[in-house]
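Per chain, numbering begins at 1; letters A, B, ... match sequence-line order.
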Number of protein chains: 2
Amino acid sequence: MKTLTYAEENYLKAIYHISEAGKKGVSTNDIAAAMQTKPASVSDMLRKLSNKKVIEYRKYYGVHITEEGKKYALQTIRKHRLWEVFLVEKLHFTWDEVHEVADELEHIKSAILIQRLDEYLGYPKFDPHGDPIPDEYGDVKARPRLPLSEIEINGTGQIVAVKDSSAAFLRYLDKVGAYIGARIKVLDKVEFDGSVEILVDNKKKIFMSREVAGNVLVMV
Amino acid sequence: MKTLTYAEENYLKAIYHISEAGKKGVSTNDIAAAMQTKPASVSDMLRKLSNKKVIEYRKYYGVHITEEGKKYALQTIRKHRLWEVFLVEKLHFTWDEVHEVADELEHIKSAILIQRLDEYLGYPKFDPHGDPIPDEYGDVKARPRLPLSEIEINGTGQIVAVKDSSAAFLRYLDKVGAYIGARIKVLDKVEFDGSVEILVDNKKKIFMSREVAGNVLVMV
DNA sequence: AGATAAGTTTAGGTATAACTAAATATTAAT
DNA sequence: ATTAATATTTAGTTATACCTAAACTTATCT
């Protein structure tokens with residue numbers, strides 16, 4: 001069991017997320033953008049992470065996360081998402097308020113704390129944004145999901161996650177009446193601008209632009 | 001609102017605790033002992049804390065915490081103790097397991113988090129060790145308390161706190177049948193070694209050495 | 001292919017927070 | 001009032017994690 005610093009955990013988490021999205025080598029620039037830092041700082045860190053064998057690093061050719069690195073990344077993600085559940089379900093945070101706080105809480109080291117928290121929350125499988133919570137071995141239950149924009153007319157499903165979980169986007173969703181867990185039906189799709197009309201929970205009709213619908217993930 | 005680093009918060013908390021106990025200037029050596037670090041490191045930190053005006057520092061003559069410093073120290077103590085209540089009451093930690101974890105949790109920055117946690121816990125006034133929880137303005141409800149060793153024969157009271165809250169000491173107390181909140185009566189005091197015989201909750205007779213009894217605080 | 005652009009790394013510097021060893025100040029003891 | 005003991009500070013070093021500026025590598029364009 002290696003000990004990673006906060007910064008190392010954050011970089012590893014970012015690298016994991018980027019490689020999950022793209023499925024190939026992750027570039028220094030992408031990491032710098034995700035971490036809101038400079039490429040030079042990223043190069044420094046990649047050397048450190050490589051020494052700790054949590055990534056494979058070939059200069060100028062981007063990085064791949066190792067199996068061991070994935071394990072650490074998933075532990076951090078597990079902690080982050082469990083704390084998000086806690087904040088929303090127990091402390092009544094709204095789902096757009098939890099991110100920053102969970103980003104701090106995810107680094108608390110105690111293993112027993114996370115085990116007890118998990119138990120206390122009733123072993124949740126998904127966080128408030130609909131993202132799956134890895135179990136203590138790093139296994140994730142993936143849901144089959146599609147962007148709302150790709151569901152055909154009269155297709156139904158349940159909103160299970162969002163791609164862009166920025167506070168602004170989440171607030172916007174709440175405002176128009178969409179939320180994780182909402183049952184939806186696509187009533188109409190406008191050809192020329194790609195916007196969709198959907199029915200939420202069989203009672204509320206709302207419109208969404210192609211941009212928004214592309215960021216809302218639905219389990220069909 | 002200044003931002004203090006984790007290390008600065010920890011030093012300030014230690015300085016506050018030591019000055020509360022002794023009521024006068026706090027020495028570099030005392031701080032080094034409390035922080036498990038070297039005097040040279042303490043000197044470094046005192047310069048930094050002095051620059052931030054949270055302590056008054058005269059070289060070679062120890063430090064005094066300022067009013068502003070006290071405010072920050074009490075905030076950290078408030079967070080520490082609220083998290084301890086959470087760990088014991090919600091996650092069923094025993095009172096000797098909470099210290100290390102709370103030492104990490106106390107540095108989480110979100111003010112709204114602490115406010116909501118306080119509410120969720122029902123605005124507790126004392127932590128699991130019986131120590132008072134400062135309110136959001138730093139006000140503490142102090143309980144009048146005496147070491148158990150100084151209570152006279154037939155005197156009664158309630159265990160409200162311990163001076164030495166080390167895990168070993170707390171486990172020992174639990175083992176002999178003492179705990180925070182226990183109602184006690186002093187049955188006998190042995191002259192030559194200072195040990196005491198006490199009755200816990202009107203049903204269990206236990207013995208305590210002078211050392212142990214001196215570390216158990218009783219509200220009379 | 002050679003020039004330019006884009007991406008990445010290195011070199012050198014800053015701040016935090018620790019350390020050891022040496023120097024200095026204060027306090028206690030004869 | 002010196003000396004000795006204790007306490008404290010300074011100087012110099014290390015490690016993390018960031019930065020800017022310059023150098024270098026790879027990719028792209030004509």
*asked:* Are B/Ile108 and B/Leu113 packed together at the side-chain level, in the sense that at least one heavy-atom pair is separated by less than 4.5 angstrom?
replied: yes
_If you define the side chain from C-beta out and look only at heavy atoms, does anything of A/Trp83 sit under 4.5 Å from A/Leu117?_
yes
*Would you mind listing every side-chain hydrogen bond (donor to acceptor under 3.5 Å, both in side chains) that reaches into residues 104-116 of chain B, with sequence neighbours excluded?*
B/Glu9-B/His107, B/Asn10-B/His107, B/Lys13-B/Glu106, B/His80-B/Glu106
Interface polar pairs with nucleotides 23-26 of chain C, N/O, under 3.5 angstrom:
from	atom 1	to	atom 2	distance (Å)
C/dA25	O4'	B/Tyr60	OH	3.3

Without decimals, in angstroms, what is the distance between [X] [atom1] and [N] [atom2]?
| X | N | atom1 | atom2 | answer |
| --- | --- | --- | --- | --- |
| B/Arg58 | D/dA7 | CZ | C1' | 15 Å |
| A/Leu12 | D/dA17 | CG | P | 13 Å |
| A/Leu4 | D/dA17 | CG | C1' | 15 Å |
| A/Ile31 | C/dT8 | CD1 | C1' | 11 Å |
| A/Asp30 | C/dA6 | CG | C1' | 13 Å |
| A/Met35 | D/dA17 | CE | P | 10 Å |

*asked:* Closest approach to the side chain of A/Ser27, judged atom by atom: which nucleotide of C/dT8, C/dT16, D/dC18 is it?
replied: C/dT8
Below the 4.0 Å mark, does [N] have OP1 or OP2 next to a side-chain nitrogen or oxygen of [X]?
| X | N | answer |
| --- | --- | --- |
| A/Tyr6 | D/dC18 | no |
| A/Thr5 | D/dA17 | yes |
| A/Tyr11 | D/dC18 | yes |
| B/Asn29 | D/dT8 | yes |

*For A/Gln75, all residues meeting side chain to side chain donor-acceptor pair (under 3.5 Å), sequence neighbours excluded*: none
_Restricting to side chain to side chain donor-acceptor pair (under 3.5 Å), what partner residues turn up for A/Glu68, sequence neighbours left out?_
A/Lys2
_Pairwise distance CZ(A/Arg145) to CD1(A/Ile159) - rounded to 0.5 angstrom_ = 12.5 Å
*asked:* Both conditions, 6.0 Å and 45 degrees, for the charged tip of A/Lys90 above the ring of A/Tyr120: are they met here?
replied: yes
*Does the side chain of B/Ser27 pick up a donor-acceptor pair with the side chain of B/Asn29 at under 3.5 Å?*
no
_Parallel, tilted or perpendicular, as decided by the 30° and 60° cut-offs, for the rings of B/Tyr6 and A/Tyr6_ = perpendicular
_Stretch residues 40-57 of chain A: residues that reach within less than 4.0 Å of DNA chain C through a heavy atom_ = A/Ala40, A/Ser43, A/Tyr57
_Helix axis bend for the helix from C/dA1-D/dT30 to C/dT30-D/dA1 - C1'-based end axes, five pairs, 10° rounding_ = 10°
*Looking only at heavy atoms, what is the nearest atom pair of A/Ile151 and A/Leu146, with distance?*
CG1-CD2, 4.2 Å
*Worked verdict on B/Tyr16 versus B/Tyr11 for ring pair (Phe, Tyr, Trp, His ring centres under 6.0 Å)*: CA-CA 9 Å; B/Tyr16 174 82; B/Tyr11 271 96; over 10 Å; no
